Amino acid sequence: MSQTQPSDRSSSSPDPHISAGAGPVDLTVIVPAYNEEQRLAPTLRAVRAHLDTLAPLRWELIVVDDGSTDGTAAVTTDAAAEEPRIRLLTTPANRGKGHAVRTGVLASRGRRVLVTDADLATPIEELGLLAERMDAGAAAAVGSRALPGSRIAVRQNALREVMGRLGARLIRAAAVPGIRDTQCGFKLFDGDKVRTAFADSRLDGWSFDVEILRFFHQKDWEVAEVPVRWAHQPGSKVRPLAYPTVLADLLRIRLHAVRPVQLAVPGIFLLLAFFLYGGLWSGLGGSYLTDSGSDQQQWEWFFAVTADNVAHLRNPLFTGLQNAPLGVNLMANTAMLGLSVPLAPLTLALGAHVTWAVVLTGGLAATACSWYWLIAKRFVRSRWAAALGGGFCAFAPPMISHGTAHPNFVVLFMMPLITERLLRLCEGRRVRRDGIVLGLFLAYQIFLGEEALLLAVTGLALFALGYAIAAPDVAKAVARPLLRGLGIAALVSLPLVAIPLAWQFKGPQSYQSVLHGQVGNNPMALLEFATRSLAGDAKVAASLSLNRTEENAFFGWPLVVLAVALVVHLRDQPRVRALGFTALAAAVLSLGQNIPLLGTDKTLPGPWRLVAHMPLFESVIESRTAMVCAPALGILLALGCDRLAVRRLRSERETSRRLLGWTALTVALLPLLPTPYPTVQRAPVPAFVADGTWQQYVRPGRSLVPVPVPSPADTAALGWQIDAGLGFAFPGGYFNGPWGPERIGIYGPQPRFTSDLLGKVAESGKVPDIGPQQRRQFAWDLDFWRADALVLTPRDHAPALREAVTKLSGRQPRQLGDTWVWDVRDRG
């Protein structure tokens, strides 16, 4: 490589012994120098003396004067006059240490290149330790002050040490995982590789080390970290303002290192999410997801109430706005406080309908990205194979089914992070740190969705069991660090969630369990296609599922066949056998307590009976266990795709097999492509509420009673309440709460006479006989609800409802526009 550099980068003093055409040398030593007149001469003598002891080593020493204003250049010139193997490169102005080292490296010819500071804080004699690691096969060996065996003779001041440790942790997390000390100025590199790295580098400042090591990391070139001697030297050029600059440089490094596929894949996921929710975004505020039933209204209410609690510094775990006067335990409902609390500013500024759309769209894309990251990191080499697997994990038919109504099963981006941390624990390297992080992750997931976490834990337990069967020796080796890490995680997470969980299970309006009845999957549901899949048939799916939000299987027979083939084909890998076991076991569990025998009216006892009455599991809809199959199948698909993507073609037979593999993937996945969620225009809020007329009839602390009383099947009043700024409470509603002395969980409020009677009238249009006993019970309910007014808006069977309330109250309503109002304030 020519030693002549462009004029805007450096200039070179002539050297009669090492010309531009000279051959390579064994070692190049690079010394960047800026105003080092006082320290440079002894450094050059020490380096030269040590290198001479390594004969027959052929070496050169390059000093790069980075625009010094003192005698640095003269000191180097004097040394070069005595030793021709010393060269001086100069830059016309101070450009930074990174620029100086780049100048020297690109002018070097060494088979290996050592970069060392002008102060020799790490003695040149430590070169042998680095060379040993290079001889063992590493592409670079970097001195470290942070490893056991490092010897610190003179320490920096306490502030510098603290800043250095914080910076090192940030650098490891953001750019160079695994290297504890990137800033020690003593590094030995493979010459060709480091010249390639510096040719691609951009940073001129203190962060150049990080950029170069990041380049090595991305190329999968091994970097060995070696403990060395080090002593702080007075006269450091690092100033406090350098630390913010390093943060900016880290961002630049990350952006520069991003590959096109790393941007394309998240972009594809986000575009697909917007495609699915296009109808929701095109009519924000007015669009309602058709398949969501009452759930969209409930979720918007959760977001609105949580934001209101945050804005007024109220308890975010409870509200009295529904189910007046008893209220609703928000922690015992799926309010997703992990998102609804931090997104409170968005809700307050733009409305709950915007938060709903953001959570669904962003949550789906973020979940896909998270699975993509895990699969790329742990399972496959091909980024596109990881994208296929991550996309399936997030956009699989069960997830799409829940995506219309249940964001707690859409926003699952924490699951891959939890899984990856568990895999780190199995490695046993930093058990305490990984256990702490896992504990924090688990605590946060509890505030996103406990049932989803329970299903994830079930799936991970199945995978662990399958892996223990497939590779018992490995399982035995990882058991101890894994169990220790789980113990640490429990110690970290439990204090963080203890109070919210105590409120959930023992606080006001808490309940013991929600009994859904037996809701297992029909075996055919595993082989058919979901309503929102490209090949789906709504009638077939409806006959095999609870409703459109609970199509929890529907993977399609081609994918099931392909999954079996992948497990058989890749069976030599224990992880594949474990994944296959996980998918099969989860599918069987999802069939419930009684598995129907197809074509007969008989059933077989299902394995769900083993957990059906266990705490927490008793509240799970068992068909949802099939959702565990999605990540297992997604990873299997990624492994199969990776095998196809990276396998070299060696024969026509191999080409045919590869073509057959891609065809099988297409046949299995094309029918499962999701279609957009349909939307309808939601009914407008009645003028009585929208224009604030309600305030003339409802006093503070009192309630407004919609007719019929709100229930899980009739949630319009939740939207009225949001539109009214949550200014009034109402009885009934859509939530989970207790019923009976055993506090069994039910949907909606405990039944009362008035709510039951009006509900039957609304359904049948028939008014029952109403006498003194019915009027007394009605009065008791009004007193219990602390009601000030009842309101009836246009709806089916409105005349019958008006007649029923008039007879019950004994007073005529007042008509305000299209709303009938019964003023009952004089009752209390």
Side-chain angles (χ1 to χ4, degrees), residues 277 279-280 283 285-306 319 321-324 328-330 332-336 340 351-353 355-357 359-360 401-410 449 451 509 514 516-517 519 531-532 542 545-552 621 624 677-686 689 704-724 726 729-737 739 745-751 755-756 758-760 762-763 793-797:
Y277 292 108
L280 196 61
S287 293
Y288 197 94
L289 293 171
T290 306
D291 295 340
S292 70
S294 300
D295 287 356
Q296 177 173 338
Q297 188 65 77
Q298 182 195 45
W299 278 100
E300 290 181 3
W301 184 86
F302 281 147
F303 293 137
V305 168
T306 301
T319 181
L321 290 171
Q322 279 194 74
N323 196 33
V328 176
N329 188 324
L330 292 174
N333 283 263
T334 318
M336 290 188 75
S340 58
H353 56 281
T355 304
W356 166 252
V359 167
L360 288 177
S401 172
H402 285 277
T404 194
H406 303 147
N408 52 314
F409 286 112
V410 171
E451 186 176 354
Q509 291 300 289
V514 179
H516 301 284
V519 194
T531 300
R532 294 294 159 221
S545 62
L546 185 64
N547 55 56
R548 289 189 179 179
T549 69
E550 295 291 346
E551 295 179 4
N552 293 311
I621 296 177
R624 290 178 176 176
Y677 295 114
T679 58
V680 295
Q681 192 72 14
R682 73 172 80 205
V685 175
V689 173
L704 179 71
V705 182
V707 178
V709 177
S711 68
D714 192 336
T715 58
L718 278 70
W720 303 356
Q721 198 179 63
I722 294 172
D723 197 75
L726 304 175
F730 59 76
Y734 182 17
F735 56 92
N736 287 113
W739 177 77
I746 60 171
Y747 291 98
Q750 295 190 43
S755 56
D756 283 352
L758 295 179
K760 291 176 181 177
E763 184 177 349
T793 59
R795 56 171 300 128
D796 292 341
H797 306 309

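Numbering starts at 1 and runs along the sequence shown. Note that the structure is predicted; figures quoted are calculated from it, not measured.
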Seminar exercise, completed: The single option from N333, T715, D295 that satisfies side-chain hydrogen bond (donor to acceptor under 3.5 Å, both in side chains) with Y734 is D295
Pairs under 3.5 angstrom only: tabulate donor-acceptor contacts from the side chains of residues 679-686 to other protein residues two or more places apart or in another chain.
residue : atom : partner : partner atom : Å
R682    : NE   : G285    : O            : 3.1
R682    : NH1  : E300    : OE1          : 3.2
R682    : NH2  : E300    : OE1          : 3.3
R682    : NH2  : E300    : OE2          : 2.9

Exercise. Parallel under 30°, tilted from 30 to 60°, perpendicular over 60°: which one fits the rings of W299 and F303?
Worked result: tilted
For this session: Please check if the side chain of Q296 supplies one atom and the backbone of L289 the other of a donor-acceptor pair under 3.5 Å.
Result: yes
Exercise. Is it true that R532 and E551 make a salt bridge, defined as a side-chain N closer than 4.0 Å to a carboxylate O?
Worked result: no
Exercise. If only atom types and distance count, is the side chain of Y288 paired as donor or acceptor with the main-chain N or O of Q297 below 3.5 Å?
Worked result: yes
Exercise. Between Q509 and N323, is any side-chain donor less than 3.5 angstrom from a side-chain acceptor?
Worked result: yes
Exercise. How would you list, by chain and number, every residue that makes a side-chain contact (heavy atoms from CB on, under 4.5 Å) with V410, sequence neighbours excluded?
Worked result: L364
Problem set entry | Within-4.5 Å side-chain heavy-atom neighbours: L330 and F735 | no
Exercise. For M336, does its backbone N or O pair with a side-chain atom of S340 as donor and acceptor, under 3.5 Å?
Worked result: yes
For this session: Output all residues satisfying side-chain contact (heavy atoms from CB on, under 4.5 Å) with N547, sequence neighbours left out; order by chain, then residue number.
Result: T549, E550
Exercise. Which of parallel (below 30°), tilted (30 to 60°) and perpendicular (above 60°) describes H402 and H406?
Worked result: tilted
